[in-house]
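The block underneath contains the structure these notes are about, expressed in C-alpha cells.
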Amino acid sequence: MAKLYAQTAPPMDMNKNTEWFLYPGVWTIYVLILLLSWLLVFSVFGCTPGMAWTLVNLFHFAVTYYFFHWKKGTPFAEDQGIYNNLTWWEQMENGKQLTRNRKFLTVVPVVLYLIASHTTDYQHPMLFLNTIAVAILEVAKFPNMHKVRIFGING
Amino acid sequence: MVRLPYLTALTTLFSYGLLFAFGQMRDFFRKLIDWSKSKGKDLKGYAPICLGLEDFYTRRLYLRIQDCFSRPIASAPDAWIDVVERYSNDHNKTLHRTSNTTKCLNLGSYNYLGFAAADEYCTPLVIESLKKYSASTCSVRVDGGTTNLHTELEELVARFVGKPAAILFGMGYVTNSAIIPALVGKGGLIISDSLNHNSIVNGARGSGASVRVFQHNSPSHLEEVLREQIAEGQPRTHRPWKKIIVIVEGIYSMEGELCNLPEIIAVCKKYKAYTYLDEAHSIGAVGKSGRGVCELLGVDTADVDIMMGTFTKSFGSCGGYIAASKEIIQYLKHTCPAHLYATSMSPPAVQQVISAIKVILGEDGSNRGAQKLASIRQNSNFFRSELQKMGFEVLGDNDSPVMPIMLYNPAKIPAFSRECLRRNVAVVTVAFPATPLLLARARICISASHTREDLMKGLDVISKVGDLVGIKYFPAEPPKHVEQDKKTL
C-alpha cells in the first residue's frame with residue numbers, strides 16, 4: 001500500500017504545551033476519536049444512538065471544558081511557569097484569536113450538538129443538557145473572553 | 001522541513017492522548033485516596049513544593065520509561081562502553097543498580113574524534129600535568145586560578161578557531177548562559193533560531209533583553225524578523241535597539257543539520273546585526289582540518305563576531321570557550337561572572353584540550369589528526385547512507401556525525417532502547433519535551449574510534465530492531481552488490 005506522507009515546515013510556537021496542535025493530522029484524529037467514542041458508548045451501554053450521541057456530547061463537554069478552559073499552566077516544569085496563569089485555550093498560538101485551529105475547535109461542539117439533538121428528536125431532558133453544554137463551551141471560546149475570569153473563579 | 005507518514009501522525013497523537021488520559025485517571029484516583037486517607041496532615045499552612053500539574057509529565061509519562069534514560073556507565077565512553085545493569089521492583093518508579101555491567105557498542109556519546117578514552121599522546125601529558133598542577137586550581141581565574149596552561153590554551157584556541165583572542169570557562173552550559181547576559185542587556189534584542197539549545201535560551205532569558213525567534217535555518221524569515229524589529233524599535237518607547245545579536249548553532253544536536261551560515265551572515269551584515277555562533281557540536285568534528293562549520297561552508301571567521309564552542313564533544317575534556325576580537329575578550333574578562341567568580345578549568349582538563357588540539361593540527365609530529373578527521377567523515381557518511389538505504393528516516397546533512405533516527409510513536413521509544421540494549425548496543429533516545437511532541441527520535445553519534453566492524457554490527461542490530469519495532473517508514477532500497485558499495489566509498 002502506498003504510504004501517504006505529510007510534509008510541513010516546523011511550527012514556530014515556542015510553547016511546547018500547545019505546539020503539538022499545529023502539526024498535521026490533529027483535526028482528523030480529533031474527529032476520529034469522537035466517532036470511535038460514540039461507537040464505544042453505543043456498543044457498551046446498549047442505548048439508542050441518540051442517547052449515545054448525547055453521552056458523547058456531554059462527556060466531550062466535561063473533558064474539553066476541564067482541560068482547555070479550566071486547567072492552567074503546562075504539565076512540565078521546563079518553561080519555568082511563565083504560562084501558569086493561562087488556560088490551554090489562552091496559550092494556544094500565543095493568544096492570537098480567530099485562527100484556523102480555534103475556529104475548528106469552536107465548530108466541533110456545535111456540530112456535535114446538532115447531531116445529538118437531531119438523533120434524540122429534540123426531546124427533554126437531553127435537549128436541555130445538550131444546550132447547556134454547548135452554550136458554556138461556546139461562551140468560553142469567544143475572543144472577548146480571553147483572560148476573563150468571571151467573579152474571580154479560577155483566577 | 002518535517003516529513004512523516006500521515007498514519008503515523010494519527011497513531012502518535014492517539015497514543016499520547018491515551019497516555020495522557022491514563023495519567024489523569026491515575027492522578028484523580030491518587031488525589032481521592034490521599035484525601036480520604038489523610039485528614040489533618042501536619043503540613044498545614046505550607047504551600048506544596050510543586051503544583052500538582054507541573055510535574056505531571058515527569059510522574060506519569062517519563063517515570064514509566066525511566067530505565068531508558070540516565071543509564072550509569074562503568075568505563076570511559078570509548079567505542080565500546082560498560083553499561084551498568086539496573087532492575088526495578090515497582091514498575092520503574094525506583095531503579096536499583098546491580099554490580100553487573102554489559103559491554104555495549106557506544107552509539108550515544110559525543111566522542112567525535114575518539115579522545116574520550118586513553119590516547120597515546122594525550123593521556124601521559126595529562127597525568128604529568130595532574131602531578132604537577134593537581135586536580136584543581138581551587139581558585140577563580142582572577143585570583144590564583146590562571147596557570148600557564150590556561151594562557152597557552154587560550155592562545156591555542158584562538159589560533160585554531162581563527163580569531164584574535166579567546167577566553168575559557170569551566171563548563172560548557174555556563175559559557176552560553178553567563179556570556180549572553182554580559183554581552184547584551186535591557187534595551188537590546190536577541191534573535192535566536194527556534195531550535196537553539198537550552199543554554200542559549202537560558203542565557204537570553206537571564207539577560208533582560210527582548211528575545212525574538214526566527215524559523216529554523218531560514219535566512220528569509222530572519223530577514224523578515226530583522227526588518228520588522230528594526231522598524232518597530234524597543235517595545236513601548238519605539239527607540240532604536242541598543243544592540244541586535246543573532247544567535248545560531250553550527251550543528252543542531254537534535255537534528256544533525258548544519259547551519260545555513262553564509263546566507264545568515266549575509267543577512268546580518270546587511271542589517272548590521274552582530275552574530276554569535278555556537279559551535280559546540282561542530283568544532284573539531286567537521287571541516288577539512290577540523291576547524292568547524294566556518295571552514296566547511298567557506299565563511300571567513302572575521303565575519304562572525306563571536307564564536308563559542310565546548311571542549312566536551314570533540315576534545316574529550318570539559319569546559320567551553322569564546323573566541324572573538326581582543327577588545328571583546330578583554331571586556332568579557334572584566335565583566336563576565338563566570339570568569340570573575342567561578343572556579344577556573346581543571347588543569348589536567350586544560351592539558352587534555354591542548355594535546356587534543358595539537359593532535360588535530362598535526363603538531364604532535366604524526367598525522368593521527370588528519371586520520372581521525374577523515375575517519376569520522378567516512379564513518380558518518382557510510383552509516384547515514386546505509387541507514388537510509390535500509391528505509392529508516394534519518395535526519396541531518398552529509399558530513400554531520402549526528403544522525404537522529406525518527407521513532408515518532410511514544411511506545412517505540414522504550415521498545416527501541418531496550419531491544420538495542422538487549423543486543424549490546426547503547427543508544428540514546430530523545431522524546432518530548434526536548435523534541436516536539438510528535439517527533440521522538442533515537443540520536444546516533446558516530447565517532448572516529450568506531451571501526452568498520454563496529455559500524456556493521458551497529459547497522460545489523462539497528463536493522464533487526466527496526467524491523468521488530470516498525471520504524472522503517474521509507475521503502476528500503478534493494479541490496480546492491482557488496483563490492484560495488486565498497487568502491488563507491
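Residue numbers start from 1 in every chain, and the chains themselves are labelled A, B, ... in the order their sequence lines are given, proteins ahead of strands.
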For Y30(A), is it the side chain, the backbone, both, or neither that has a heavy atom closer than 4.5 Å to a heavy atom of chain B? neither
Region of L439(B) that comes under 4.5 Å of a non-hydrogen atom in chain A: side chain
Okay, F20(B) and chain A: the region with an atom under 4.5 Å from a heavy atom over there is side chain
Mind jotting down which residue pairs meet the salt bridge (charged side-chain N to carboxylate O under 4.0 Å, His left out) criterion with at least one end in residues 90-99 of chain A? Sequence neighbours excluded, please. E90(A)-R149(A)
Do Y252(B) and H216(B) make the cut of ring centroids closer than 6.0 angstrom? yes
Short N-O contact, R441(B) and E255(B), less than 4.0 angstrom: yes
Heavy-atom distances under 4.5 Å only: say whether L438(B) touches chain A with side chain, backbone, both or neither. side chain
What class does the angle between the rings of W88(A) and W20(A) fall in, given that below 30° is parallel, 30 to 60° is tilted and above 60° is perpendicular? tilted
What class does the angle between the rings of Y122(A) and H118(A) fall in, given that below 30° is parallel, 30 to 60° is tilted and above 60° is perpendicular? perpendicular
Who wins among P24(A), A77(A), P75(A), G25(A) for the most heavy-atom pairs under 4.5 Å with chain B? P75(A)
Do the two ring centres, one from F432(B) and one from Y57(B), sit under 6.0 Å apart? yes
Regarding N217(B) and N260(B), do their side chains bring together a donor and an acceptor under 3.5 Å, going by distance alone? no
Which atoms of F214(B) come close to chain A, meaning under 4.5 Å heavy atom to heavy atom: side chain ones, backbone ones, both, or neither? backbone
At a 4.5 Å cut-off on heavy atoms, which part of R60(B) comes close to chain A: side chain, backbone, both, or neither? neither
Heavy-atom proximity to chain B below 4.5 Å, by part of V63(A): neither
Heavy-atom pairs under 4.5 Å with chain A, option from V213(B), L195(B), T8(B), L10(B) with the top count: L10(B)
Among S194(B), A9(B), P436(B), P475(B), which residue forms the greatest number of heavy-atom pairs with chain A at distances under 4.5 Å? P436(B)
